[in-house]
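Reminder, nothing fancy here: chain letters follow the sequence lines and each chain counts from 1. Keep in mind that what you see is a predicted model, and the values were worked out from it rather than measured.
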Amino acid sequence: MIGVVVVTHGEFSKGIHQATEMIVGEQEQFESIPLHEGADLEVFTDEIGKKIQEADAGEGVLVFVDLFGATPFNSVVRQIKALRETGTQLKIITGVNLGMLLEAISMRSFKNLETLHEKIAEIGKESIEAVSF
Amino acid sequence: MGKITFARVDERLVHAQVMMTVAGSSGASAVYVVNDETANDDFMKMIFENAASRTGLKVKIMTKDNAIAKWHENQFGDDKVLLITKTIEDAGYIVNKGITFEFLNVGGNSLKPGATPIINEVAITNDQGELLKNLAESNGINIYFQSTPSTTRVELGDALKKINV
């Protein structure tokens, strides 16, 4: 099964983690990492590496972040090389929302990392609708 | 002739706070990220270029020595520059090599052993305090601590009182 890790500014990652489990129940290989104000960047980046490794059962990890180019994203990117060297593959999706996270959790047992990565990004985009009555 | 409208020390370099608030309020037309490690890493360079370009500003990522060379060549051409270094020491290095600016915003330097907190996002050691004091006195730079334009601003003089420099 593919691991899922969420990394965001503030407690957003913890909140969306809890919201996910509220709907689909407690999950294995599912981690969330909040970035707090004034956090030591090296400590934060190390924690990301550790949690991604913990979430990996050999089939890779899908990492969700809130924003492209922001610190959670940049810190995940900085870990890619080291994680590859230890045999952990990862793919990143930006703009995490609950819809895509739920789909990732439900599909991750029967897709490979590359397919899941593409599919979830598509679902994420499609899940946004401007609704008017 | 170009000029540096805003110089900032931020260990996170370009990130959401910088893109959303600092870049817009700086009056800059270009972001120069002056950091040897990033400039020498093609992958991280691409990531930062892509991210910072979303501010609509021109983005350049260069080593300290490259920045110094460009400065002496033509003071950064027509660019109005938001210049970001990762450390206080890097900012000191480029000033000592002749780059000049009026204001230095210390916006991100996380708490390490031996450092004293000045604002939530910035802590400095006594050595860093001495370095900043010297920059202010010898180069007439107005130095202050603030993470984003809407948060608490502490002037260097008040920060130095906290660390007895």
Side-chain angles (χ1 to χ4, degrees), chain A residues 5-16 32-50 52 63-86 88-97 117 121 124-125, chain B residues 9-23 31 33 35 37-38 40-57 59 61 84 86-87 106-124 145-148 150-152 154:
Chain A
V5 174
V6 189
V7 192
T8 68
H9 292 86
E11 296 291 315
F12 178 29
S13 52
K14 290 284 168 202
I16 203 165
S32 46
I33 309 163
L35 169 64
H36 292 126
E37 225 175 31
D40 184 316
L41 201 57
E42 269 175 52
V43 174
F44 178 65
T45 308
D46 285 351
E47 196 194 350
I48 290 172
K50 218 173 72 198
I52 291 175
V63 182
F64 291 88
V65 299
D66 44 10
L67 292 170
F68 183 96
T71 305
F73 173 86
N74 294 342
S75 305
V76 173
V77 168
R78 282 187 195 281
Q79 285 288 12
I80 292 176
K81 216 166 152 194
L83 284 165
R84 267 198 199 133
E85 279 163 13
T86 67
T88 293
Q89 295 296 323
L90 69 106
K91 296 272 186 196
I92 305 173
I93 290 183
T94 66
V96 60
N97 65 39
H117 184 227
K125 287 178 203 162
Chain B
V9 171
D10 193 329
E11 66 180 354
R12 288 153 68 183
L13 297 173
V14 181
H15 56 96
Q17 289 178 340
V18 173
M19 293 191 287
M20 302 300 290
T21 65
V22 179
V31 182
V33 177
N35 178 245
E37 191 194 345
T38 311
N40 291 322
D41 180 338
D42 286 342
F43 185 57
M44 283 314 294
K45 197 173 160 185
M46 183 188 76
I47 297 284
F48 276 111
E49 278 170 351
N50 195 329
S53 68
R54 295 179 183 206
T55 57
L57 304 180
V59 184
I61 294 162
I84 305 176
K86 186 168 185 154
T87 64
V106 183
N109 196 47
S110 64
L111 186 59
K112 301 274 192 321
T116 306
I118 306 296
I119 54 173
N120 272 344
E121 296 78 4
V122 179
I124 57 171
F145 302 81
Q146 189 177 41
S147 68
T148 59
S150 61
T151 59
T152 311
V154 176

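Residue B:A51 comes nearest to A:G69 through the heavy atom pair CB-CA, 3.4 Å, listed as atom of the first residue, atom of the second, then distance.
The environment of A:K14 atom NZ is dense: over 12 non-hydrogen atoms of other residues, nucleotides or ligands sit within 6.0 angstrom.
Remark: A:F73 engages A:F68 in a ring-ring contact (aromatic ring centres under 6.0 Å, His included) (not counting sequence neighbours).
The contact between B:I47 and chain A is made by backbone and side chain atoms together, counting heavy-atom distances below 4.5 Å. Residue contact with chain B, scored on non-hydrogen atoms closer than 4.5 Å, involves the backbone and the side chain of A:L41 alike.
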Please report all inter-chain donor-acceptor pairs (under 3.5 Å) between chain A and chain B, with distances to 0.1 Å.
unit_1, atom_1, unit_2, atom_2, d
A:E37, OE1, B:N120, ND2, 3.0
A:T71, OG1, B:R12, NE, 2.7
A:T71, OG1, B:R12, NH2, 3.0
A:N74, ND2, B:V14, O, 3.3

